[in-house]
S.K.: 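Submitted below is the structure of interest, expressed as structure tokens.
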4 protein chains.
Amino acid sequence: MATLPPQRPHDASDDAEPRQRRSRRKEARPGELLDAALALFVEKGFAATRVEEVAARAGVSKGTLFIYFPSKEELFKAVVRESISGKYTEFGQELETYTGTSAELVRYCMHEWWREIGMSAASGITKLVMSEAGMFPEIAAFYQQEVIGPGHDLLGKVLQRGIASGEFRPMPIEYAVYSLIAPMIFLLMWKHSMAPCCPPSQQLDPVSFIDTQVSLLLGGMLAPTPTR
Amino acid sequence: MATLPPQRPHDASDDAEPRQRRSRRKEARPGELLDAALALFVEKGFAATRVEEVAARAGVSKGTLFIYFPSKEELFKAVVRESISGKYTEFGQELETYTGTSAELVRYCMHEWWREIGMSAASGITKLVMSEAGMFPEIAAFYQQEVIGPGHDLLGKVLQRGIASGEFRPMPIEYAVYSLIAPMIFLLMWKHSMAPCCPPSQQLDPVSFIDTQVSLLLGGMLAPTPTR
Amino acid sequence: MATLPPQRPHDASDDAEPRQRRSRRKEARPGELLDAALALFVEKGFAATRVEEVAARAGVSKGTLFIYFPSKEELFKAVVRESISGKYTEFGQELETYTGTSAELVRYCMHEWWREIGMSAASGITKLVMSEAGMFPEIAAFYQQEVIGPGHDLLGKVLQRGIASGEFRPMPIEYAVYSLIAPMIFLLMWKHSMAPCCPPSQQLDPVSFIDTQVSLLLGGMLAPTPTR
Amino acid sequence: MATLPPQRPHDASDDAEPRQRRSRRKEARPGELLDAALALFVEKGFAATRVEEVAARAGVSKGTLFIYFPSKEELFKAVVRESISGKYTEFGQELETYTGTSAELVRYCMHEWWREIGMSAASGITKLVMSEAGMFPEIAAFYQQEVIGPGHDLLGKVLQRGIASGEFRPMPIEYAVYSLIAPMIFLLMWKHSMAPCCPPSQQLDPVSFIDTQVSLLLGGMLAPTPTR
DNA sequence: TATGAATGAGACTTCATTCAT
DNA sequence: AATGAATGAAGTCTCATTCAT
């Protein structure tokens, strides 16, 4: 099975600002601002996030933010663009060379996706895009085209592979793919909206949920085998 | 399978206002305002919706809104409260008297839920609550308690029923329930965020999606039968 | 000494509204509104008093108020006009026929004024007029002309009487009169502004204050007598 | 009699602004805003004064005001607090070392008070506080405690001094003190309310008024002397 | 005459954006 | 490049006034 790609160092950007970073690499500024903006946009929404907060969290002044981003809206777009750049290229390559069963591949994809995206700092981007789609339709369309679409195609190929090999029954692939996408999007939304508001007794363990979900779906996908 | 309940006449709430007499309209005002607010909050989010827009859409002036709701925030809370009042009581009763197979019941529940809630004017409430959870955590908790929780319990009973009768295999009910909830929440989010931004080729037919989803999940839930 | 003029019935207007007065004399309405308005204007000032409060305190609806007074400003003016109508005519007549010493007359005037005006419902009118003089200069001028001026003249005559009889020394009457007016205006202001905010230990007993004040002033007014 | 302290050059606080550099102005802003606010609050009252006016008079925009004061109400409180800071400390020290007669001291205090406070830019603060006491009782109580109370105590000591030395007769000091306070408060109220509305013929010269008032009161305070 | 629902001008306050330093 | 003081458009909310009933 493919090894995990090297985890981004990912400098814990959402702790209390140490403030004495001062003369560090200046080229890090936009990145810090994007990290701060992502966290706040996800948490409070675009309109309710003040640029001053973003700047403060990134350890710079309000004016500095406008040196790097011409407006709050451009900052928003940059956040989305940045968070989704080339997320699926490696996945595609892994798929080509994969040699195990398709059922394993499906399970692997789901867990891997959660580890890579669901647990990353960028995990809220989907929640953000969906929440703000009404105000930023072109961003939503962009996201659909750059993220959902490729992911959809990838999963489509996985299912196709299983059907082609006879491991999976024939099925309406278009919809079956959304059966895999839906729980992941649900998980992201849940993590960033309901989870923080729910008592511990109602928390949902993502890994167990994915396990159950995949098992059930595979139950419906796998072709009946004589031995089974 | 249970026959469909008679389709509600489906309150044509946003057609051209007939502009009735003042006194007649008084008791209708709060409802009209709530409808308008729901639509706009879902579409643009809480912060980006201006109360003047809400008032205009309800056919009244800005000041009138504040006669009925003391603040924008209270309006928001009223929208949520109003939209979820007693949604699940009938469902519960249907469940008790149902005599078909559990598989049919699951399928029925999902489709029925979509018809009753997913297609109603209140369908956006879930998207709204999840989008604004960061700003209104107590509303999210309220929603969890009043809507998600009861729905969860109801579905839990359905699965229990199937397991008890031997129709379903044993399964981790907590998570399996979320396997049924997740696609529905996904559908709502999709309908109110991505769908309006996507080209026709990428539209998702909710009924077909539910069909596929249920079929796949049931494949994993149903106990293996000798004849099968 | 002159008997007190018959106390106006003065229907305790600042208790909880009984509301079931309904079809009582309609001609009482403006008076009730004026009473309510006076009390509220004195307490909260013109701008901070809402006409709805005035109406509610008078037991009528907001709309009714505008039947009797074309605007809030006219209501204000009516309050002032009403509260000062012919306050000094009786005083003047008493003065003409008074036969005691001028010192006694001064003392009598001061105490009587306090009893008649300082303790009446209209006592706040001076505070009101002075507080709002900046916004209603013509009202202040009107008040000066109708109330302060006549009062000034009256007191001037009293002092003149004393000087003419040799009971008082010569003095700059213009200013001496203000020495009598000043403590009374001070008392009114105090009663309606500081007194309600002060702890009991700092309360000022008006009668004792007037006593002391008059005694001291008379000490400076009375001509030295050989026997004394 | 103590010589008058050299007349202060009398703070030319409301002349044409020289429009300095931004950074230089920063620490001056709150003061300019307080000056402007004091003038307008005294003139028009709290409610009728618009923050935009205050800002305009201070030469800044509306938004700038809110950088320095979080709300109109806090601005009001700051105006009062600022205007009364440490007004009485010097007075107290002068009193201790004074060597003249108590009658002279009384006269000196009154004139000095008028020069220092009555003629200063902060002169309207008493009028303001009394006018707004109904809406800001805690401010009125604060003023009573910080200004009226200490002034009262100071004057009480002056009278005590005179009585102890046999220069003044015994008298009810509590009330006698108010006989000194009352005309000063009257003067302030008059200056800021009636005076601007009265024709020149009815203007009151403060210094002459104080002279007369003090002479009359001293007439009642001084112990009779054999030679006199 | 009386009501009170409705209005809309106007107030306070916020905050994205600019710009002198 | 960075700052943060200043701006002013825009939003929420109030309340005097109107008017159909």
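Order of the sequence lines fixes the chain letters, A, B, ..., with proteins taken first and strands second; residue numbering starts at 1 for each chain. All values below come from the heavy atoms of this structure, side chains included, with hydrogens, waters and symmetry mates left out. Keep in mind that what you see is a predicted model, and the values were worked out from it rather than measured.
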S.K.: Regarding F:dG11, can its base be found pairing with the side chain of B:K62 as donor and acceptor, where the two atoms are less than 3.5 Å apart?
M.R.: no
S.K.: Give the minimum heavy-atom separation between A:A55 and A:L33, together with the two atoms involved.
M.R.: CA-CD2, 4.2 Å
S.K.: To the nearest 0.5 Å, tell me how far D:S193 OG sits from C:F136 CZ.
M.R.: 14.5 Å
S.K.: If every non-hydrogen atom of D:K44 is compared with every non-hydrogen atom of D:E53, which pair is closest and at what distance?
M.R.: NZ-OE2, 2.8 Å
S.K.: Judged by each residue's nearest nucleotide on DNA chain F, which is more toward the 5′ side, A:L65 or C:R50?
M.R.: A:L65
S.K.: Which one, E:dA16, F:dT7, E:dT7, comes nearest to the side chain of D:V60?
M.R.: F:dT7
S.K.: F:dT12 P sits how many Å from B:F66 CZ, rounded?
M.R.: 7 Å
S.K.: Which one is paired to E:dC15, where only Watson-Crick or G-U wobble pairs with both distances under 3.5 angstrom count?
M.R.: F:dG8
S.K.: Just how far, in rounded Å, is P of F:dT14 from OH of B:Y68?
M.R.: 16 Å
S.K.: Within this structure, what is the CD-to-P distance between D:E52 and E:dT13, rounded to whole angstrom?
M.R.: 13 Å
S.K.: Just how far, in rounded Å, is C1' of E:dT14 from NZ of A:K44?
M.R.: 13 Å
S.K.: Between D:R57 and D:E32, is there a salt bridge with N-O shorter than 4.0 Å?
M.R.: no
S.K.: In terms of the nearest nucleotide of DNA chain E, which residue is placed more toward the 5' end: B:S61 or D:T64?
M.R.: B:S61
S.K.: Could you label the plane-to-plane angle of the D:F46 and D:F41 rings as parallel, tilted or perpendicular, counting under 30° as parallel and over 60° as perpendicular?
M.R.: tilted
S.K.: State the pairing partner of E:dA20; accept Watson-Crick or G-U wobble contacts with both distances under 3.5 Å, and report none otherwise.
M.R.: F:dT3
S.K.: Find the distance C:L40:CG to F:dA16:P and express it as a whole number of Å.
M.R.: 12 Å
S.K.: Remember a base hit wins even if backbone is also touched, and classify B:V51 as base, sugar-phosphate or nothing at under 4.0 Å, heavy atoms.
M.R.: sugar-phosphate
S.K.: Short of 4.0 Å, heavy atom to strand atom, which residues of residues 69-78 of chain B count as contacting DNA chain E?
M.R.: none
S.K.: Mind checking the CD-NZ spacing from A:E52 to A:K62? Nearest 0.5 Å is all I need.
M.R.: 4.0 Å
S.K.: Can you see which heavy atom on A:C197 is nearest to which on B:A133, and at what distance?
M.R.: SG-O, 4.2 Å
S.K.: Between B:A47 and D:I67, just flag the one whose closest nucleotide in DNA chain F comes earlier from the 5' side.
M.R.: D:I67
S.K.: Provide, to the nearest angstrom, the distance between the CD atom belonging to D:E32 and the P atom belonging to F:dA5.
M.R.: 15 Å
